[in-house]
Amino acid sequence: MAALRVSSALACSSCSSFHSYPSFFTKFQSSPIWSFSISVTPLCSRRAKRMAHSIARDTLGLTHTNQSDAPKISFAAKEIDLVEWKGDILAVGATEKDLARDGNSKFQNPLLQKLDSKLSGLLSEASFEEDFSGKSGQSTILRLPGLGSKRIALVGLGSSTSSTAAYRSLGEAAAAAAKSAQASNIAIALASTDGLSAESKLSSASAITTGAVLGTFEDNRFKSESKKSTLKSLDILGLGTGPEIEKKIKYAADVCAGVILGRELVNAPANVLTPAVLAEEAKKIASTYSDVFSANILDVEQCKELKMGSYLAVAAASANPAHFIHLSYKPSSGEIKKKIALVGKGLTFDSGGYNIKTGPGCSIELMKFDMGGAAAVLGAAKALGQIKPAGVEVHFIVAACENMISGTGMRPGDIITASNGKTIEVNNTDAEGRLTLADALVYACNQGVEKIVDLATLTGACVVALGPSIAGIFTPSDDLAKEVVAASEVSGEKLWRLPIEDSYWDSMKSGVADMVNTGGRQGGAITAALFLKQFVDEKVQWMHIDLAGPVWSDKKKNATGFGVSTLVEWVLKNSTI
């Protein structure tokens, strides 16, 4: 990925590196060094198992992943009196308005009044002393006698108009409290549901479930010692009961399974997660959901036959051969009304190539996350394999490889040829991601799809523009922009549409080829999108999502799984489910 380096990153992408043209292909290794199988089932499913890696041969550094069972969380939606609920922790989400007090410093909110009365006024007194006012991010856990629960937690939801993010944070806070107290069963409720429609209650339950599951999850595969979660059950109180809310909770659990897979793939280091291993994970998805999925993994020779010179040039320097991944989702029955494609950048490591990443802020040590787009695509595939939407055919495409340095590698100044015949002068080998995506987008168009969304950790310029939590989106199609933004509003993932300024293409012109692979330093995210546009059929609606910022959390030093939820929601909007 052109990564987070501000200097050259502004002009290039989080990646770079290519090599060989259709007539000058270098001999690649034909077999992977490691054999690796990955199994992930939803963390929140009763049949949940932990993502397990079994490595047949030693990896670099002799690193082996731990195999541990994921906590099996049972979810239930109930309508019972909070005072009567029995368990370890009762977590109550409260807005600032809910925390309003009368002249005697007592709660005015009816539910909090009832709990406080049962606790002989200790809840209002303790929360006052803790200065708990319901602000977003606030929480307090109290152990007070008098309730069926051993502890009561108050979690701030912020202003009176709560959002998906607020309810998700409630679930995360409850999970954190359970982890700290080694609780096995918890319940979550809202201090007030006034003003919430039936649909809003369902969405709230879904967001709470998501927060709880992802808040419970810890990726401990590479730690010598770790604590297992003790949480076994979670009751959602006061938001309704019946098949509709149960369906929403299950949907949230299915999406979480995909998000967790996405996180684990990004977290896995490059000495463990090679292009071959990523391809094995794709095949595992197809095998697990064989009723709706099929997998086609192209090797280097097959990619040569398809004239993927741009993609193979990037892969040329690595001892780990390229693997082109194509998963196809087709419903087991019913008419197909839409054909769409999800394309993910799959650089399992990006050194920058001969334009090697150096200096402060280059983030070379984090370049395992340069396959974050591929992780989002495969995570979405896993979730959709469980949800099984009708009426839509989906192609999941990843051009997986590494961008390394060797005598066989692509050099600055080389001219490479993509599978649509367009030639590219390589002026920066650290703008490699777009080169792999070029051939992946041509391949996706050849599947006869109507719409394509590609995701890539493409440019540091996008991070500079939008910061670490917002992804930039680029598309010539207003209709597609509305669809994907609407999906992101449901998922809670933040997107911001940036312009495709055609006049900027002047900086991408070459004197000896059809184009160069990077423009000037200014507008680097835009010129990267303009580059990708050259490889998309004009009849196909296309969107590029640059998720270089939100793919990784510096605070948690962990992958986020960004993109999975939005992709799943968008596919469902194109289905007849």
Side-chain angles (χ1 to χ4, degrees), residues 1-6 9-15 136-137 158-159 162-169 172 207 210-211 214 255 259 262-263 266 342 344-345 361 363 366 369-377 379-380 433-434 453-475 477-478 480-501 522-530 532 542-570:
M1 148 176 154
L4 306 178
R5 171 170 46 182
V6 174
L10 287 173
C12 58
S13 112
S14 84
C15 51
S136 179
S159 63
S162 293
S163 62
T164 297
Y167 294 127
R168 184 171 295 179
S169 294
E172 290 175 353
T210 298
L214 298 182
V255 174
V259 173
R263 288 184 178 183
V266 173
L342 303 177
K345 176 185 166 186
S363 301
L366 289 177
F369 75 40
D370 216 12
M371 40 64 67
V377 166
R434 64 197 71 183
V453 172
D454 80 68
L455 301 92
T457 48
L458 205 62
T459 67
C462 199
V463 184
V464 171
L466 299 178
S469 60
I470 304 172
I473 61 173
F474 302 82
T475 179
S477 170
D478 291 341
L480 184 56
K482 290 176 183 177
E483 284 184 17
V484 177
V485 169
S488 74
E489 289 172 350
V490 174
S491 73
E493 295 178 325
K494 297 178 181 179
L495 304 179
W496 190 262
R497 189 177 183 184
L498 294 169
I500 297 183
E501 179 54 55
Q522 297 176 328
I526 296 173
T527 54
L530 286 170
L532 297 179
W542 159 75
M543 173 181 283
H544 162 58
I545 301 179
D546 192 331
L547 42 66
V551 73
W552 184 262
S553 170
D554 283 332
K555 181 180 179 180
K556 297 181 178 179
K557 302 185 187 303
N558 243 268
T560 62
F562 187 93
V564 174
S565 300
T566 296
L567 291 182
V568 173
E569 192 66 32
W570 179 64

Requested in this report: Mind checking the CG-CE spacing from L455 to M543? Nearest 0.5 Å is all I need.
Outcome: 9.5 Å

Query - Heavy-atom side-chain proximity of F474 to L532 below 4.5 angstrom - result: no

Requested in this report: With the side chain counted from C-beta on, respond yes when T459 and R434 share a heavy-atom pair under 4.5 Å apart, and no when they do not.
Outcome: yes

Report task. Please name the pair of heavy atoms, one in L458 and one in A548, separated by the smallest distance, quoted to 0.1 Å. Result -> N-CB, 4.1 Å

Requested in this report: Spell out, as yes or no, whether a donor-acceptor pair under 3.5 Å connects the side chain of T560 to the backbone of V551.
Outcome: yes

Requested in this report: State which residue, out of I526, L498, I470, L547, fulfils the side chain to side chain contact (heavy atoms under 4.5 Å, CB included) condition with C462.
Outcome: L498

Query raised in the report: Looking at A471 and I545, what are the two nearest heavy atoms and their distance?
Result: CB-CG2, 3.9 Å

Query - Side chain proximity check, D546 to L466, heavy atoms < 4.5 angstrom - result: no

Report task. Answer whether the closest heavy-atom distance between the side chains of W570 and V490 falls below 4.5 Å. Result -> no

Requested in this report: Indicate whether any N or O donor in one side chain lies under 3.5 Å from an N or O acceptor in the other, for E493 and T566.
Outcome: yes

Query - Nearest heavy atoms of A375 and G262, plus distance in Å - result: CB-O, 3.6 Å

Query raised in the report: Quick check: does any side chain N or O of S363 sit under 3.5 Å from a backbone N or O of L366, one acting as donor and the other as acceptor?
Result: no

Query - F562 side, atom CZ; L567 side, atom CG - distance, nearest 0.5 Å - result: 9.5 Å

Query raised in the report: Could you give the distance from OG1 (T527) to CD (E501), rounded to the nearest 0.5 Å?
Result: 12.0 Å

**Report entry** Close side-chain approach of T475 and R497, heavy atoms under 4.5 Å
**Finding:** yes

Report task. Please tell me if the side chains of H544 and I500 come closer than 4.5 Å, counting only heavy atoms from C-beta onward. Result -> no

**Report entry** V255 side chain reached by T210 side chain, heavy atoms, under 4.5 Å
**Finding:** no

Report summary line: Distance col, row D454:CG vs K345:NZ, nearest 0.5 angstrom, shows 11.0 Å

